[in-house]
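Computed over heavy atoms, backbone and side chain alike; hydrogens, waters and symmetry mates excluded. Throughout, numbering of the chain's residues begins at 1 and tracks the sequence.
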Amino acid sequence: MPSILNVVGTYYNRQFQSHPMLTICTTNTFLAGISDSLTQTYLTPHSHDQAKIKVKDKDKDKDKDNWHQEQSIVGGEGNEILQGSSSSFDYPRLARFMFYNFSVAPLIHTWFTVLDKRFPIPLGTKALPSSHVTRFAPRLLTTMAPGLKRMVVDQALFAPFGLALMFSSLTLLEGGNFADTYLTALKANYAVWPLVQFVNFRLPFVSLVGIAWNAFLSLTNSRGQVIHQEHPALVV
């Protein structure tokens with residue numbers, strides 16, 4: 001497996017050096033396609049059940065009569081909707097998700113170019129003799145500092161903006177609730193990406209994590225659509 005990743009990484013770097021914009025657009029689109037395909041195949045049918053749970057949670061803040069009324073809706077017609085939900089592959093959804101990731105790839109490329117220039121990350125450090133171990137800490141901090149600064153700047157500035165751009169765009173294309181999906185994704189982002197970026201800011205490691213992350217974003221967006229379409233009055 002490591003050898004395969006090395007081959008992929010080497011090929012990507014070679015293509016990126018020759019055609020940076022085309023490479024980043026193609027890669028972003030391809031990874032998005034994999035993520036949404038995995039989500040639709042293995043996770044989307046379960047997202048309806050999660051939407052049902054969310055509706056029940058929102059009802060808890062209502063008075064008892066309204067809560068029972070909503071429960072009867074979910075237990076009656078709601079079950080028909082859930083059971084009748086199509087489990088077939090949604091190709092238009094896949095196309096929209098891939099199109100969005102293709103469209104924002106130049107913006108992502110520009111942002112990471114700025115980070116590369118402002119906070120260059122050393123490719124590696126030479127091994128130190130055992131007699132110099134006591135002097136290793138300052139050198140380690142010097143090596144880690146650019147990555148830490150880069151991660152903080154990226155998470156403070158681009159992460160909130162990028163997620164807002166994504167869910168506002170998909171909301172316009174597909175419908176749904178922006179606030180609910182955005183806040184859910186932003187919380188998850190801060191639980192995952194700071195550590196990932198601090199450990200390794202380079203491909204193909206980040207790309208592998210990115211597949212799982214895009215799958216989560218696709219699932220979060222689809223859950224927001226279910227709540228909005230089946231219970232629009234309950235979405236804040």
Quiz prompt | Sole residue of V104, N214, T23 in side-chain contact (heavy atoms from CB on, under 4.5 Å) with N28 | solution = V104
Quiz item: Do H109 and F16 touch side chain to side chain, with heavy atoms closer than 4.5 Å?
Solution: yes
Self-check item: Closest non-hydrogen atom pair, L217 against L163
Solution: CD2-CD2, 4.0 Å
Practice problem: Report yes or no: does S18 contribute a side-chain atom to a donor-acceptor pair with the main-chain N or O of Q15 at less than 3.5 Å? | Solution: no
Self-check item: Near-ring test Y91/F89, centroid separation under 6.0 angstrom
Solution: yes
Self-check item: ILVMFWY cluster, W193 and L107 together (side-chain gap under 4.5 Å)
Solution: yes
Exercise. Return the orientation label for the F158 and W111 ring planes: parallel under 30°, perpendicular over 60°, tilted otherwise.
Key: parallel
Self-check item: Residues, nucleotides or ligands: over 12 heavy atoms within 6.0 Å of F216 CZ
Solution: yes
Quiz item: Does some side-chain heavy atom of T27 sit less than 4.5 Å from a side-chain heavy atom of C25?
Solution: no
Quiz item: Passes salt bridge (Lys or Arg N to Asp or Glu O under 4.0 Å), R150 versus D116? Steps please.
Solution: CA-CA 8 Å; R150 179 172 176 165; D116 282 334; 2.7 Å; yes
Quiz item: Looking only at heavy atoms, what is the nearest atom pair of N101 and A32, with distance?
Solution: ND2-CB, 3.3 Å
Self-check item: Neighbour count above 12 (heavy atom, 6.0 Å) for F119 CZ
Solution: yes
Quiz item: Can E174 and R93 be counted as an ion pair, charged N to O under 4.0 angstrom?
Solution: no
Self-check item: Aromatic ring pairing Y182/F178, orientation class (parallel under 30°, perpendicular over 60°, tilted between)
Solution: parallel
Quiz item: Shared ILVMFWY cluster between F161 and I108, side chains joined below 4.5 angstrom?
Solution: yes
Practice problem: Taking Q155 for its side chain and Y190 for its backbone only, find out whether a donor-acceptor pair lies under 3.5 Å. | Solution: no
Quiz item: Side-chain heavy atoms under 4.5 angstrom apart, residues restricted to Ile, Leu, Val, Met, Phe, Trp, Tyr: same cluster for F112 and L22?
Solution: no
Quiz prompt | Spacing of I24 atom CD1 and T113 atom OG1 [to the nearest 0.5 Å] | solution = 8.5 Å
Exercise. Report yes or no: do F97 and V209 belong to one cluster of Ile/Leu/Val/Met/Phe/Trp/Tyr joined by side chain heavy-atom distances under 4.5 Å?
Key: yes
Quiz item: What are the two closest non-hydrogen atoms of G162 and Y100, and how far apart are they?
Solution: O-OH, 3.7 Å
Quiz item: What's the spacing between I34 CD1 and T39 OG1 if we round to 0.5 Å?
Solution: 11.5 Å
Exercise. Please say whether more than 12 non-hydrogen atoms of neighbouring residues, nucleotides or ligands are located less than 6.0 Å from OH in Y11.
Key: no
Quiz item: If every non-hydrogen atom of W213 is compared with every non-hydrogen atom of A185, which pair is closest and at what distance?
Solution: CH2-O, 3.5 Å
Quiz item: Any salt bridge between D36 and R96, counting N to O under 4.0 Å?
Solution: no
Quiz item: Could you give the distance from CZ (F167) to CG (L183), rounded to the nearest 0.5 Å?
Solution: 10.0 Å
Quiz item: L157, V192: one ILVMFWY side-chain cluster at the under-4.5 Å cut-off?
Solution: yes
Quiz item: With distance as the sole test, does T41 use its side chain to make a donor-acceptor pair with the main-chain N or O of L38 at under 3.5 Å?
Solution: no
Quiz prompt | Rounded distance [0.5 Å steps], OG in S88 versus CD in Q40 | solution = 8.5 Å
Quiz prompt | S35 side-chain N/O to I211 backbone N/O, donor-acceptor pair under 3.5 Å | solution = yes
